[in-house]
Amino acid sequence: MRNHTAVTTFILLGLTDDPQLQILLFIFLLITYMLSIIGNLIILVITLVDARLKTAMYYFLQNFSILEILFTSVAIPRFLYSITTGDQTITYYACAFQLFFVYQFGVTEFFLLATMSYDRYVAICKPLHYMTIMNPRVCRRLVSCCWVITLLVLIPLVSLVMGLEFCDNNALDHFSCDANALIMISCSDTQFLEKLIMICAAVILFATLLFVVWSYTCIIQTILRFPSAQQRKKAFSTCSSHMIVVSITYGSLIFIYVKPRAKDEMKINKGVTLFATSISPVINPFIYTLRNKQVIQALNDLINRLLLSRN
């Protein structure tokens, strides 16, 4: 029988032990975190208050902004606290909480991006039926399904990860509680769990990605049949922001979970996870605002109203 102890705390090793690099990292993460919160809150506010942005596309964008705020807030503030205080410990239950919600918000984004691609498909390929198909009730159900499906997948997986045995090692080679880092220090037989995580990740990522690809294949075929170049340009512009966000989100997460195991796997994973949790939530609001004339106009109107109210 193995000797093992009931682990009550874990130690998060972070990204670096160099004090100077930690200062730079803290400043960088603090700035990106604040920008991501501000950027996504701006999108959330203008899509809620502007009557012109009450379509299904902006309803999904609201939910995407909420997910981005929650996703970055689960991991980054805790890491900033760790850098500031030097306290690298995290309790078992706090680790389970962080692990669950990082994956809950992250995986839900994939289903929501697939839903947003379906919205664009209906808008361009079936424009006369758009308001009927993408009515508010359908939109609410689609978003609810994104959350529920993710929940049903994650509950057993996270339970299995947190049910692992840990012997004399509780140091996680990561800046947040990560399934791969937990598996690496476990003294349980993790082969089945690793395969299960890999299969679930591959199914979710590739199934949603295939749906996105199918949607945009139909969209592009429809756009190319438009007689006017101006119509084609306008149609492409309504999809370009979503296509860029899809590329960034899928590219980073597929790289983490569906790649061959390598010697420096955890180092690469930490870097890509840092990008997904800190940089990507900053980039996405700017992509949606700078490439969307309606959002820019709504933002300008909101700023003008605020300035007039002060005068």
Side-chain angles (χ1 to χ4, degrees), residues 3-37 68-103 105-106 158 161-162 164-188 190 193-194 197 201 248 251-283:
N3 291 325
H4 65 273
T5 56
V7 172
T8 57
T9 59
F10 293 103
I11 299 171
L12 298 173
L13 298 181
L15 294 175
T16 179
D17 294 328
D18 189 325
Q20 292 183 334
L21 285 178
Q22 285 187 336
I23 293 171
L24 293 174
L25 189 61
F26 177 83
I27 295 170
F28 171 76
L29 289 177
L30 181 62
I31 292 171
T32 56
Y33 179 68
M34 291 175 65
L35 287 174
S36 65
I37 297 298
E68 291 280 59
I69 291 170
L70 294 172
F71 183 54
T72 190
S73 295
V74 173
I76 298 302
R78 177 62 183 79
F79 188 32
L80 291 174
Y81 167 81
S82 178
I83 295 173
T84 306
T85 63
D87 180 11
Q88 295 179 300
T89 60
I90 184 170
T91 66
Y92 175 90
Y93 291 106
C95 183
F97 176 89
Q98 188 181 65
L99 179 71
F100 176 79
F101 283 105
V102 163
Y103 287 111
F105 302 141
V158 173
V161 172
M162 298 312 298
L164 294 172
E165 293 179 354
F166 302 96
C167 299
D168 56 351
N169 185 6
N170 68 337
L172 296 178
D173 186 17
H174 216 283
F175 63 88
S176 67
C177 279
D178 178 80
N180 291 330
L182 286 164
I183 287 171
M184 286 183 68
I185 66 168
S186 173
C187 53
S188 302
T190 61
L193 182 56
E194 288 183 78
I197 291 174
I248 293 170
S252 60
L253 271 294
I254 287 174
F255 188 80
I256 293 177
Y257 293 106
V258 191
K259 68 179 183 66
R261 298 184 65 85
K263 182 180 177 181
D264 296 324
E265 180 184 9
M266 285 311 300
K267 290 181 181 179
I268 297 169
N269 281 2
K270 285 191 289 185
V272 180
T273 303
L274 186 68
F275 174 84
T277 56
S278 64
I279 301 173
S280 183
V282 177
I283 297 172

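Please read these numbers as outputs of a predicted model, since none were measured by experiment.
Residue L13 comes nearest to Q88 through the heavy atom pair O-NE2, 3.6 Å, listed as atom of the first residue, atom of the second, then distance. Contact between L182 and F166 at its shortest, heavy atoms only, is O-CE2, 3.4 Å. Across all their heavy atoms, S280 and E68 have their closest contact at O-OE2, 4.0 Å. Annotation for P281 and A276: closest pair CD-O, 3.3 Å, computed over non-hydrogen atoms. Residue A171 comes nearest to I185 through the heavy atom pair O-CG2, 3.3 Å, listed as atom of the first residue, atom of the second, then distance. S278 approaches F28 most closely through the heavy-atom pair OG-CE2, 4.5 Å.
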Any chance you could lay out the side-chain contact (heavy atoms from CB on, under 4.5 Å) test for F26 and T84, step after step, and finish with the verdict?
CA-CA 8 Å; F26 177 83; T84 306; 3.1 Å; yes
Stepwise side-chain contact (heavy atoms from CB on, under 4.5 Å) test for S186 and L193
CA-CA 11 Å; S186 173; L193 182 56; over 6 Å; no
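Rounding to the nearest 0.5 Å gives a distance of 5.5 Å between CD of E165 and SG of C187. Residue F175 holds its CZ atom at 8.0 Å from CG of L29, rounded to the nearest 0.5 Å. Atom CG of L15 sits about 4.0 Å away from atom CZ of F79, to the nearest 0.5 Å. The distance from the CZ atom of R78 to the SG atom of C177 is 8.5 Å, given to the nearest 0.5 Å.
The main-chain N or O of T277 is found under 3.5 Å from a side-chain atom of T72 such that the two form a donor-acceptor pair. A donor-acceptor contact shorter than 3.5 Å is absent between the side chain of T9 and the backbone of T91. The backbone N or O of I83 lies less than 3.5 Å from no partner atom in the side chain of Q22, so there is not a single donor-acceptor pair. Side chain of Q98 to main chain of V74: a donor-acceptor pair is present (N/O by atom type, distance under 3.5 Å, no hydrogens or angles).
Inter-residue side-chain proximity for Y103 and D178 is flagged as met; some heavy-atom pair is nearer than 4.5 Å. Using a 4.5 Å cut-off on side-chain heavy atoms (C-beta onward), T89 and F10 make no contact.
Within a 6.0 Å sphere centred on CG of D17, other residues, nucleotides and ligands contribute 12 heavy atoms or fewer. Atom CZ of F97 is surrounded by 12 or fewer heavy atoms from other residues, nucleotides or ligands within 6.0 Å.
Sequence neighbours left out, the pairs with a member in residues 23-36 that pass side chain to side chain donor-acceptor pair (under 3.5 Å) are Y33-S73.
With sequence neighbours excluded, no residue forms a ring-ring contact (aromatic ring centres under 6.0 Å, His included) with Y81.
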